[in-house]
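Everything below concerns the one structure shown next.
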Amino acid sequence: MKIGILGSGLMGGKLGTIFARAGHDVVFSYARSDRKLKRLAREAGKMARAGSPAEAAGESDTLLLAVHWSRIEDVLKKAGDLAGKIIVSCSLPMNAGDTGLVIGHHSSGAEALAKKVRKARVVSAFNTVPSEVLFGVFEGRRRVAKPSLVYCGDDPESKKIAARLIRGAGFAPVDLGPLRMARYTEPFALLVARIAYEGKGGPALAYRFERFGKRGRR
Ligand SMILES: NC(=O)c1ccc[n+]([C@@H]2O[C@H](COP(=O)([O-])OP(=O)(O)OC[C@H]3O[C@@H](n4cnc5c(N)ncnc54)[C@H](OP(=O)(O)O)[C@@H]3O)[C@@H](O)[C@H]2O)c1
């Protein structure tokens, strides 16, 4: 697949690297420095390169959206026409201080995003896992028992693509159903993040919690 990364930070940087190492064509875009994008591309291997959001979007069928909620409008504007594109979003609708969700209960960030880019096909995925464990899961991807990772969306074809990416990253994809299920996964993702960054156990504990404590199943 040709995959454009919109937001090359903790999530976008790691997932883009994993996708490139799994054999997909990857364009890293949207960081505060071009040098960082080039370094990421170099480290991710020959399938990766750095580009602008417009290049990442123009040359890819699938996009990973991995920016802070406050940057969504900006990155979408820079990406240009997204009609027909699959957007796999791990972005959570967090407030500026990252203390809470700005959308919840009756809607979700994923649904708000789908309204902003009506002609794109949005899948919510990868947001319930702390970025720190992604490489470890990818490295263990050949194990029989894989940690599960939930996703949801309204378009069957884009969900198949998201499931393929989730599987390729080393997880067992679990289809939760329509995009509105993100109303439940987003607060859950916030809880996982709280455990990861505020609790004593850190990302490993959050990851174990996300997997409902099935420590033996790696
Ligand atoms: N981190 C996690 O474990 C985790 C887990 C689940 C969900 N999420 C969600 O995933 C999304 C991304 O999180 P993250 O932790 O990957 O965030 P992050 O590390 O801050 O990455 C965001 C990216 O956006 C870029 N960016 C920010 N402002 C910019 C600007 N003005 N111009 C150009 N680029 C700009 C950053 O550039 P720089 O690289 O230069 O900083 C970075 O590459 C968020 O919505 C978050 O809630 C994160």
Side-chain angles (χ1 to χ4, degrees), residues 4-19 26-41 43-44 48 50-57 63-79 87-104 108-113 116 122-138 147 149-152 162 165-166 169 171 182 184-199 201-211:
I5 306 294
L6 299 176
S8 297
L10 290 172
M11 291 300 279
K14 286 197 175 71
L15 284 170
T17 301
I18 286 170
F19 297 154
V26 169
V27 179
F28 286 101
S29 79
Y30 205 71
R32 274 168 284 220
S33 87
D34 285 344
R35 260 174 70 188
K36 177 181 176 176
L37 295 174
K38 285 183 183 144
R39 178 178 53 75
L40 271 173
E43 288 171 5
S52 66
E55 285 165 343
L63 295 161
L64 176 80
L65 182 66
V67 295
H68 190 273
W69 194 248
S70 59
R71 306 307 310 170
I72 294 262
E73 300 287 349
D74 187 54
V75 77
L76 292 179
K77 201 168 122 207
K78 287 180 173 149
I87 304 180
V88 177
S89 174
C90 69
S91 289
L92 294 167
M94 301 296 293
N95 62 20
D98 279 332
T99 53
L101 296 166
V102 292
I103 303 176
S108 60
E111 290 164 278
L113 173 68
K116 282 184 208 295
V122 174
V123 184
S124 172
F126 291 109
N127 54 13
T128 59
V129 64
S131 68
E132 285 87 343
V133 305
L134 290 170
F135 282 150
V137 174
F138 179 65
L149 194 69
V150 297
Y151 66 104
C152 57
L165 290 177
I166 291 170
F171 296 88
Y184 308 101
T185 59
E186 289 177 2
F188 177 77
L190 181 57
L191 175 60
V192 170
R194 283 282 170 272
I195 298 172
Y197 305 115
E198 290 180 15
L205 177 63
Y207 177 53
R208 225 162 70 210
F209 176 83
E210 200 263 353
R211 295 162 56 223

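Just follow the structure's listing: the first ligand is 1, and inside any ligand the first atom is 1.
- With salt bridges taken as basic N to acidic carboxylate O contacts below 4.0 Å, none links Lys14 and Glu132.
- Where the criterion is an N or O separation shorter than 3.5 Å, residue side chain and backbone included, Thr128 fails it with respect to ligand 1.
- Close contacts of ligand 1 with Asn127, meaning ligand atoms under 4.0 Å from a residue heavy atom, involve 6 (C), 7 (C).
- In this structure, the protein non-hydrogen atom closest to atom 31 (N) of ligand 1 is Arg71 NH2, 3.1 Å.
- Of the candidates Leu101, Ile72, Leu113, Leu190, Pro93 forms a side chain to side chain contact (heavy atoms under 4.5 Å, CB included) with just one, namely Leu101.
- The shortest separation from a heavy atom of Ala193 to ligand 1 is not under 4.0 Å, leaving the residue out of contact.
- Partners of Tyr151 under the side chain to side chain donor-acceptor pair (under 3.5 Å) rule, at least two apart in sequence or in another chain, do not exist in this structure.
- Using a 4.0 Å cut-off between charged nitrogen and carboxylate oxygen, Arg39 and Glu43 count as a salt-bridge pair.
- Distance CG/Leu165 to CG/Leu64: 8.5 Å, rounded to 0.5 Å.
- Within a 6.0 Å radius of OH in Tyr184, no more than 12 heavy atoms belonging to other residues, nucleotides or ligands are found.
- In terms of protein heavy atoms, atom 46 (C) of ligand 1 is closest to Leu92 N, 4.2 Å.
- The list of salt bridge (Lys or Arg N to Asp or Glu O under 4.0 Å) pairs with a residue in residues 88-100, not counting sequence neighbours, is empty.
- Using a 4.0 Å heavy-atom cutoff, Tyr197 is listed among the residues neighbouring ligand 1.
- Close N/O approach between Gly7 and ligand 1 is not found [any backbone or side-chain N/O within under 3.5 Å].
- The atoms of ligand 1 that sit less than 4.0 Å from any heavy atom of Pro130 are 3 (O).
- Given atom 2 (C) of ligand 1, the protein heavy atom at minimum distance is Met11 SD, 3.6 Å.
- Taking any N or O of Met94, backbone or side chain, none lies under 3.5 Å from an N or O belonging to ligand 1.
- For atom 41 (O) of ligand 1, the nearest protein heavy atom (residue, atom name, distance) is Arg32 NH2, 2.7 Å.
- Here the protein heavy atom with the shortest distance to atom 23 (C) of ligand 1 is Gly9 N, 3.8 Å.
- Of all protein heavy atoms, the one lying nearest to atom 9 (C) of ligand 1 is Cys90 O, 3.2 Å.
- Here is the list of ligand 1 atoms found below 4.0 Å of a heavy atom in Lys36: 38 (P), 39 (O).
- With Ser8 contributing its side chain and Phe28 its backbone, the two residues share no donor-acceptor pair below 3.5 Å.
- For ligand 1 and Val129, the ligand atoms under 4.0 Å from any heavy atom of the residue are 5 (C), 6 (C).
- At least one heavy atom of Ala66 sits closer than 4.0 Å to an atom of ligand 1.
- Among protein heavy atoms, the minimum distance from atom 3 (O) of ligand 1 is reached at Ser131 N, 2.8 Å.
- By the 4.0 Å N-to-carboxylate-O rule, Asp74 lies close enough to Arg71 to be salt-bridged with it.
- With Val150 as the fixed residue, the side chain to side chain contact (heavy atoms under 4.5 Å, CB included) test singles out one of Ile166, Thr128, Val129: Thr128.
- The shortest N/O to N/O separation between Val67 and ligand 1 falls below 3.5 Å.
- Of the possible polar contacts, one joining the Ser91 side chain to the Val67 backbone as a donor-acceptor pair under 3.5 Å is found.
- Among protein heavy atoms, atom 25 (C) of ligand 1 sits closest to Tyr30 O, 3.6 Å.
- Between Ala48 and Ala41, the closest heavy-atom pair is CB-O, 3.7 Å.
- There is no protein heavy atom less than 4.0 angstrom from atom 20 (O) of ligand 1.
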